[in-house]
Structure formats: C-alpha cells, structure tokens
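Beneath this line is the structure, given in structure tokens, with notes to follow.
Every heavy atom of this structure was used, including side-chain atoms; hydrogens, water molecules and symmetry mates were not. Everything quoted here is computed from the prediction, not taken from an experiment.
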Amino acid sequence: MRIHAVDHPLVAHKLTTLRDERTDSPTFRRLADELVTLLAYEATRDVRTSGVEIRTPVTETTGVRLSHPRPLVVPILRAGLGMLDGMVRLLPTAEVGFLGMIRDEQTLQASTYATRMPDDLSGRQVYVLDPMLATGGTLVAAIRELIQRGADDVTAICLLAAPEGVELMERELSGTPVTVVTASIDERLNEHGYIVPGLGDAGDRMYGTVG
C-alpha cells in the first residue's frame, strides 16, 4: 500500500478553514469540494491513458485520452457524497458507483447497507471517496468489496487520515494494489475514534446533524 500526503500551500490553507469549528456547513461543503479537486489531481497521476491521433488547426499530432474501461468513482455514503462533485469535475467521463457503509459507534466496525456498482470491476481503476480515514475499518471493508469484484487498482481519497487507520490498512490490505491520497496524516485517534486534531464529523459538518 502506498500513502501520499499532499504537501501544497493551497491544500493546507483550505484544510485549515475546514478544521475551524466556526466554519458553517455551506462554506465547509464548498471548501471540501475544492480540496477534493486538488487531491484528485495528485491521485490521478497514474490514470490509464492511450494514444490518439488528432489534428490541430496547424498540423497532425499525437495526444492521449483516458483508456477504456473508464475509471470508476465510488463515494462512501453519506459523507463521501460531499466529495463527488470535486472528483468528477476532474474526471467528467468517469462512471460513478455508490457504496453505503455505516460504523457501529460501540465496536467501530463497519457494515454495508447498500451497493450500486458493476458486479465485474476487472481491469478498472477505482477511486474511493471517504473524508476520514480514522480507524480504517470502513475503508478496509470497502476496498475488500471492490477487490472481490475484480478491481486491480484502487485509490482512496481522504481529507484526513490517522496513523491508526493507516496502520490497519497496511496490515489488513498487505499485498493489495491500494494507494491512499490525503491532505494530512494527523496525530492520533481519541477514545471515541475521532481524528485529532481532525475536523469533527465530516458528514455532520457538511449536511448538519440529522436523526
């Protein structure tokens, strides 16, 4: 597994505002959207392309286009939805699947409650969107689901990561072709499984608290 913490002043600037507890939901959503596009730029450096012959207004030349099958973007519901627009802005031809997962707040274990993806992901590059790599259980479960469907190249894009989550993924997904791209690897998890210093519950901060 590879992990890449993006070191860029614009990433750090936007992340600082996301962390601030005074940032309201509309601003949080907008900045998360912008931050994801910056992270997606780094995450797609190895996106598969194929050569194509074109003609410019001046001459013939060779360029590249995204290869087939097209990349698949999979937000993990619900907070991952807030990252979708920022990702498909950069990859507008990508297909989109959905994976609904929920974490038990007592055991911190993740379970799947909804899926909307192709059954066969053979040969597909898949980009998973989940704002927080905290305990790591949700991403491990999600990536295992993708691998079982045949995906051979998975990249997880997270706003923040905790060392404990990174360690779990490295242990549980050893030998799996997985890359994690994040804006920051923070200090630790607290006793409730939240990232410290973190930014709180990403879903609640994007959409408000709902019962």
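Scanning both residues, Gly86 and Asp33, for their nearest heavy atoms gives N-OD1, 3.0 Å. When all heavy atoms are compared, the tightest approach of Pro131 to Gly80 is CD-N, 3.9 Å. Taking each heavy atom of Ala43 and Ile157 in turn, the nearest pair found is CB-CD1, 3.7 Å. Here the closest non-hydrogen pair linking Asp152 and Pro177 is O-CG, 3.1 Å.
Panel note: side chain Thr176, backbone Val178; no donor-acceptor pair is recorded below 3.5 Å. Judged by distance alone, the side chain of Glu164 and the main-chain N or O of Leu189 form a donor-acceptor pair under 3.5 Å. The backbone N or O of Asp46 lies less than 3.5 Å from a partner atom in the side chain of Gln125, making a donor-acceptor pair. Between the side chain of His192 and the backbone N or O of Tyr194 there is no donor-acceptor pair closer than 3.5 Å. Side-chain atoms of Thr44 never come within 3.5 Å of backbone atoms of Val47 as a donor-acceptor pair (strictly under, hydrogens ignored). Counting only distance, with no hydrogens or angles, the side chain of Thr182 and the backbone of Ser184 share a donor-acceptor pair below 3.5 Å. In terms of modelled atom types and a separation under 3.5 Å, the side chain of Arg29 and the main chain of Met206 share a donor-acceptor contact. The main-chain N or O of Ser67 is never found under 3.5 Å from a side-chain atom of Ser50 such that the two would form a donor-acceptor pair.
Residues satisfying the salt bridge (charged side-chain N to carboxylate O under 4.0 Å, His left out) criterion with Glu34, sequence neighbours excluded, are Lys14, Arg30. Residues forming a side chain to side chain contact (heavy atoms under 4.5 Å, CB included) with Ala151 (at least two apart in sequence, or on another chain): Leu121, Val126, Leu146, Val154. Every residue was checked against the salt bridge (charged side-chain N to carboxylate O under 4.0 Å, His left out) condition with Arg65, not counting sequence neighbours, and none meets it. For Asp20, the salt bridge (charged side-chain N to carboxylate O under 4.0 Å, His left out) partners at least two apart in sequence or on another chain are Arg22. Taking Thr27 as the reference, Asp24 meet the side chain to side chain donor-acceptor pair (under 3.5 Å) condition, with sequence neighbours excluded. For the side chain to side chain donor-acceptor pair (under 3.5 Å) test, residues two or more places apart in sequence or in another chain that qualify with Thr37 are Arg89. Scored by the side chain to side chain donor-acceptor pair (under 3.5 Å) test, Asp120 finds Ser122 as partners (sequence neighbours excluded). In this structure Arg149 satisfies the salt bridge (charged side-chain N to carboxylate O under 4.0 Å, His left out) test together with Asp119, Glu145, sequence neighbours excluded.
For residues 178-188, the salt bridge (Lys or Arg N to Asp or Glu O under 4.0 Å) pairs, not counting sequence neighbours, are Arg19-Asp186. Residue pairs meeting the salt bridge (Lys or Arg N to Asp or Glu O under 4.0 Å) criterion with at least one member in residues 125-134, sequence neighbours excluded, do not occur.
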Set out, in order, the CA-CA distance, both residues' side-chain angles and the distance that settles side chain to side chain contact (heavy atoms under 4.5 Å, CB included) for Leu77 and Phe98, then state yes or no. CA-CA 7 Å; Leu77 306 179; Phe98 296 94; 4.0 Å; yes
Val73 vs Glu95, side chain to side chain contact (heavy atoms under 4.5 Å, CB included): CA-CA, chis, key distance, verdict: CA-CA 6 Å; Val73 177; Glu95 295 182 349; over 6 Å; no
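No hydrogens or angles considered: a donor-acceptor pair under 3.5 Å links the side chains of Arg2 and Thr179.
Rounded to the nearest 0.5 Å, atoms NE2 (His13) and NE2 (His8) are 12.0 Å apart. Note that the CG atom of Leu99 and the CD1 atom of Ile143 stand 10.5 Å from one another [nearest 0.5 Å].
The hydrophobic cluster containing Val52, built from Ile/Leu/Val/Met/Phe/Trp/Tyr side-chain heavy atoms closer than 4.5 Å, also comprises Ile54.
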In a table with atom names and distances, give each donor-acceptor pair under 3.5 Å that connects a side chain of residues 167-175 to protein atoms at least two apart or in another chain.
| unit_1 | atom_1 | unit_2 | atom_2 | d |
| --- | --- | --- | --- | --- |
| Glu172 | OE1 | Arg144 | NH2 | 2.7 |

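Tracing side-chain contacts under 4.5 Å through hydrophobic residues (I, L, V, M, F, W, Y), one never reaches Val11 starting from Leu90; they form parts of separate clusters. Leu133 and Met1 fall within the same hydrophobic cluster, defined by Ile, Leu, Val, Met, Phe, Trp and Tyr side-chain heavy atoms under 4.5 Å apart, directly or through other members. Side-chain heavy atoms closer than 4.5 Å link hydrophobic residues (I, L, V, M, F, W, Y) into clusters, and following such links, possibly through other members, connects Leu139 to Ile147. When hydrophobic clusters are built by joining Ile, Leu, Val, Met, Phe, Trp and Tyr residues whose side-chain heavy atoms come closer than 4.5 Å, directly or via intermediates, Val36 is not grouped with Tyr41. Linking Ile, Leu, Val, Met, Phe, Trp and Tyr residues whenever their side-chain heavy atoms come within less than 4.5 Å places Leu18 and Leu81 in a single cluster.
Around the NE2 atom of His4, the shell of radius 6.0 Å holds more than 12 heavy atoms that belong to other residues, nucleotides or ligands.
Between Arg205 and Glu21, no side-chain nitrogen of the basic residue sits less than 4.0 Å from a carboxylate oxygen of the acidic one, so the salt-bridge criterion is not met. We find that Asp153 and Arg48 are joined by a salt bridge, their nearest charged nitrogen and carboxylate oxygen being less than 4.0 Å apart.
Here the side chains of Leu35 and Leu10 are not in contact, with every heavy-atom distance at 4.5 Å or above. Side-chain contact between Leu199 and Phe28: present, with at least one pair of heavy atoms (C-beta onward) separated by less than 4.5 Å. At least one side-chain heavy atom of Thr138 sits less than 4.5 Å from a side-chain heavy atom of Ile76. Side-chain atoms of Val6 and Leu38, non-hydrogen and from C-beta on, never get closer than 4.5 Å to each other. In this structure, Leu39 and Leu159 have side chains that are in contact, with non-hydrogen atoms separated by less than 4.5 Å. In this structure, Pro71 and Tyr127 have side chains that are in contact, with non-hydrogen atoms separated by less than 4.5 Å. Here the side chains of Cys158 and Val181 are not in contact, with every heavy-atom distance at 4.5 Å or above.
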